[in-house]
Protein chains: 2
Amino acid sequence: MPTPRRITLKDLARELGVSTATVSNAFNRPDQLSPALRERILGEAKRLGYRGPDAKARSLRTGRSRIIAVILAESLTYSLNDAVASELLSGVAEVLDAQGHTLLLLSARQMQSELPGAASMADGYIVYGLMPSETLLESLPPQAPLVAVDFDVTGRPSLHVDDEPACHLIARHALASRPRRPGIINLRLTAEPCNGPIVPGQRLLGAEQTITRSRLLGFHRALDEAGHDPAVVPMWNIEENTFEVSAPVIEAILDLPDTERPDLLLCMSDRIALTALTLAEERGLRVPEDLRLTGFDGIAEGQYRAPRLTTVRQDSVEKGRQAARMILGLEAPRSRTLATELWLGDSCP
Amino acid sequence: MPTPRRITLKDLARELGVSTATVSNAFNRPDQLSPALRERILGEAKRLGYRGPDAKARSLRTGRSRIIAVILAESLTYSLNDAVASELLSGVAEVLDAQGHTLLLLSARQMQSELPGAASMADGYIVYGLMPSETLLESLPPQAPLVAVDFDVTGRPSLHVDDEPACHLIARHALASRPRRPGIINLRLTAEPCNGPIVPGQRLLGAEQTITRSRLLGFHRALDEAGHDPAVVPMWNIEENTFEVSAPVIEAILDLPDTERPDLLLCMSDRIALTALTLAEERGLRVPEDLRLTGFDGIAEGQYRAPRLTTVRQDSVEKGRQAARMILGLEAPRSRTLATELWLGDSCP
DNA sequence: CGAGCTAACTGAATCGATCCAGATGGCGAA
DNA sequence: TTCGCCATCTGGATCGATTCAGTTAGCTCG
């Protein structure tokens, strides 16, 4: 009893009495054969249950897999719950999809500087928010196209928003209200973990060239211009952009005595700002009267509640689209900086 | 000038004066050759810049790609922002990763019942929350393993939680406080879009066998037992489990005159319940005094605010892990129902 | 009529591995 | 010494397509 082997293009060709090349063309280049024959081939294929050319064989022969890998810095659990990463991914997926490509999802966290099996067959890599020192980058096939998003890889195109100017702008706006005690809540600045208040002086020590560093520089510039010494403005670090991780740090800030509690918090993400907003309200603090808050990102959640969040809006979906277009070669692969928009809400009018 | 062709396993073998089989074994079956030779091969590989066996060729030859596809019902934009889907994905990713597999992400929304190119080379499919009638299911390779999550595919293993009993339980708990006007907020029940109030009588019409239907049946059973006629209990549909889509519907409910506004809302998801909570507070309604709320899922966000949400906690990460284990053959592929837990918060004590 | 052209189709090499079925050699046991 | 056995290594068929360099037939045109 012969095993009912999967039917191949060759079987189909033999069955029809045509060459394999012709069958291949029937599927891939309709203009290379007469419509009648093509019709006959497709009909026979359906009859025999042939599901079209095998993707594995095709990818070996053509050298292309029609797979684009997206490598995220953090764990998937984290990234998937982050509105910004999610938006980026959906922008990527939108373009890939329209071009018949698919998305392979990888997290730098869980791979030990070695690409897992199939990842190396991707046609291109979109790498998001890694620390530039990440060794993983070296294990990627050097000839494959790569786009870095929200960080830089030497010799490769990268996609950014204008973090420094945007943060300068929103901080300047916030400082125009002449707060007495401004404070800053950072996202992770370095590869090393750090959650909580930062000792003045150590603050930029070892900070790699990341978006958080740019944002911080923007804040500092505005503080400086407003007559505050950036070196003594209190600053806290949040290791992971989640409610769970940021809540304890923020609670500690809000529970400071009235004379020490900041009356303005410049936050590096909307997630953090919204957490602060919720926790402040729980404590009976009025926003913006007792506490002014600014965010960064412009996620939807911040605009659907009262008070609406004052923030810098960036279009992460578009960032994802651009990254995908560059990887697919639909757009010249060169580094770009996308514009942002100051978004005046009620949390810091 | 010859193009610097990529170095292959065969080149490496020639260079070393050994057979290709031996080089292959050096990478895949260390026990099949002497440690000394293996060392020599790996050393030479590194020296020549050989990055290990080509994934495309390997997958053709072995028939396995080490890729598992996850197919989500909704668009990626939606799914990635949904805490439950995200948890599922991270459970899947956790197991895949430990086994050297990678995750291909697909959305049923954007593929027109045709698998995009590379998707057909996946070694298995985890399909999440589709409508059972989805034609897409037929385009999947029939011999590949498949696990359905939160819905059923005939002849295939599926993963569920005990939706009906869980909803019966939480509804019974909520009804014990003898609310005058209970109401229900559904997630999408049918393939057809519907957002807003549902005409009594039409409610289950055409509802496919999905988890939302099971949940609704659980609510109805409890209502019936508590002396409420399920047929006249008001019910609203939410098409998409997001703040943006649910907010208008919920606002309409909350803005009903006092004599009509429900004093208990049984919600099919925490996302909806939390939206209702936020909007209720904005209107000065006290929870639970003026309005009791129950959710479903047990997402973290519901437990980090006051009042904490009363809900049914399900372990979506574990659901993802199980699905992945079944797909990889680490666990026998049979349908399972996972347990849930009634979680008493303050929104309906 | 025959040269030239085009549309339609063919044969076979090729992509880069994996993995049988065997070859080889060294060693211990009878 | 001879046999068998084990560890180690080899040759070559194979996976299922794509693609290049033709061949064939039919048609046009001077």
Side-chain angles (χ1 to χ4, degrees), chain A residues 3-42 44-45 48-67 117-118 120-121 123 141 143-144, chain B residues 3-42 44-45 48-67 117-118 120-121 123 141 143-144:
Chain A
T3 159
R5 202 174 47 78
R6 191 149 88 62
I7 180 163
T8 72
L9 185 144
K10 196 193 278 183
D11 300 331
L12 190 53
R14 190 171 349 91
E15 197 71 27
L16 285 157
V18 299
S19 89
T20 60
T22 303
V23 179
S24 175
N25 283 333
F27 284 98
N28 302 312
R29 311 190 196 175
D31 57 313
Q32 293 294 303
L33 73 174
S34 65
L37 179 55
R38 181 173 134 91
E39 205 60 20
R40 196 158 70 88
I41 292 177
L42 264 39
E44 186 72 0
L48 293 182
Y50 178 68
R51 317 178 69 84
D54 179 79
K56 301 191 194 80
R58 163 185 287 167
S59 75
L60 170 59
R61 180 58 235 237
T62 62
R64 271 163 289 109
S65 61
R66 300 179 149 272
I67 290 177
S120 64
M121 67 166 129
D123 290 344
Q143 78 287 356
Chain B
T3 160
R5 202 173 47 80
R6 190 150 87 64
I7 179 165
T8 71
L9 183 144
K10 197 193 278 185
D11 300 330
L12 190 52
R14 191 170 349 89
E15 198 70 27
L16 285 158
V18 299
S19 88
T20 60
T22 303
V23 178
S24 175
N25 284 333
F27 284 98
N28 300 313
R29 311 190 195 176
D31 57 312
Q32 293 294 304
L33 74 173
S34 65
L37 179 56
R38 182 173 133 92
E39 206 58 21
R40 196 157 71 88
I41 293 176
L42 262 41
E44 185 72 2
L48 293 182
Y50 178 67
R51 316 178 68 82
D54 179 80
K56 301 192 195 77
R58 164 183 286 167
S59 75
L60 170 59
R61 180 57 236 236
T62 63
R64 269 162 292 109
S65 60
R66 300 180 147 271
I67 291 177
S120 64
M121 66 166 130
D123 290 344
Q143 77 288 356

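Every chain is numbered from 1 and lettered A, B, ... according to where its sequence line falls, protein lines coming before strand lines.
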Selection from [options] that lies nearest to any side-chain heavy atom of [X]:
X     : options                : value
B/D54 : D/dA17, C/dG16, C/dT18 : C/dG16
A/S34 : D/dA17, D/dC9, C/dA8   : C/dA8
B/L33 : D/dC9, D/dA17, C/dC9   : D/dC9

What is the separation between atom [atom1] on [X] and atom [atom2] on [N], rounded to the nearest whole Å?
X     : N      : atom1 : atom2 : value
A/Q32 : C/dT10 : CD    : P     : 13 Å
A/R29 : D/dA17 : CZ    : P     : 16 Å
A/R64 : C/dG16 : CZ    : C1'   : 16 Å
B/R61 : D/dG16 : CZ    : P     : 9 Å
A/L37 : D/dA25 : CG    : P     : 16 Å
B/L9  : C/dC15 : CG    : P     : 14 Å
A/N28 : D/dA17 : CG    : C1'   : 9 Å
A/I41 : C/dA8  : CD1   : C1'   : 11 Å

**Item:** Straight-line distance of A/R51 CZ to A/R6 CZ, nearest 0.5 Å
**Value:** 9.5 Å
**Nearest-0.5 Å distance, CG of residue B/D31 to CZ of residue B/R38** = 9.5 Å
Within the 4.0 Å heavy-atom criterion, would you say [X] contacts the bases, only the backbone, or no part of the nucleic acid?
X     : value
A/Y50 : sugar-phosphate
A/R38 : nothing
A/L60 : base

**Message:** Tell me if a side-chain donor or acceptor on B/D11 pairs with a main-chain N or O of B/I7 at a distance below 3.5 Å.
**Reply:** no
**Request:** Spell out, as yes or no, whether a donor-acceptor pair under 3.5 Å connects the side chain of B/D123 to the backbone of B/R66.
**Result:** yes
**Request:** Looking only at non-hydrogen atoms, find the nearest pair between A/F27 and A/G52 and report the distance.
**Result:** CE2-CA, 4.1 Å
**Complete:** Tightest non-hydrogen contact, residues A/M121 and A/S65, listed as O-OG, 2.7 Å
**Request:** Identify, between B/F27 and A/A57, the residue whose nearest nucleotide on DNA chain C lies closer to the 5' end.
**Result:** A/A57
**Request:** Identify, residue by residue, the members of residues 16-26 of chain B with a heavy atom below 4.0 Å from DNA chain D, and return them in order of residue number, or none.
**Result:** B/G17, B/V18, B/S19, B/T20, B/A21, B/T22
**Message:** Looking at A/R58 and D/dT18, is any side-chain donor or acceptor paired with a base atom of the opposite kind under 3.5 Å?
**Reply:** no
**Item:** Residues forming a side chain to side chain donor-acceptor pair (under 3.5 Å) with A/N25, sequence neighbours excluded
**Value:** none
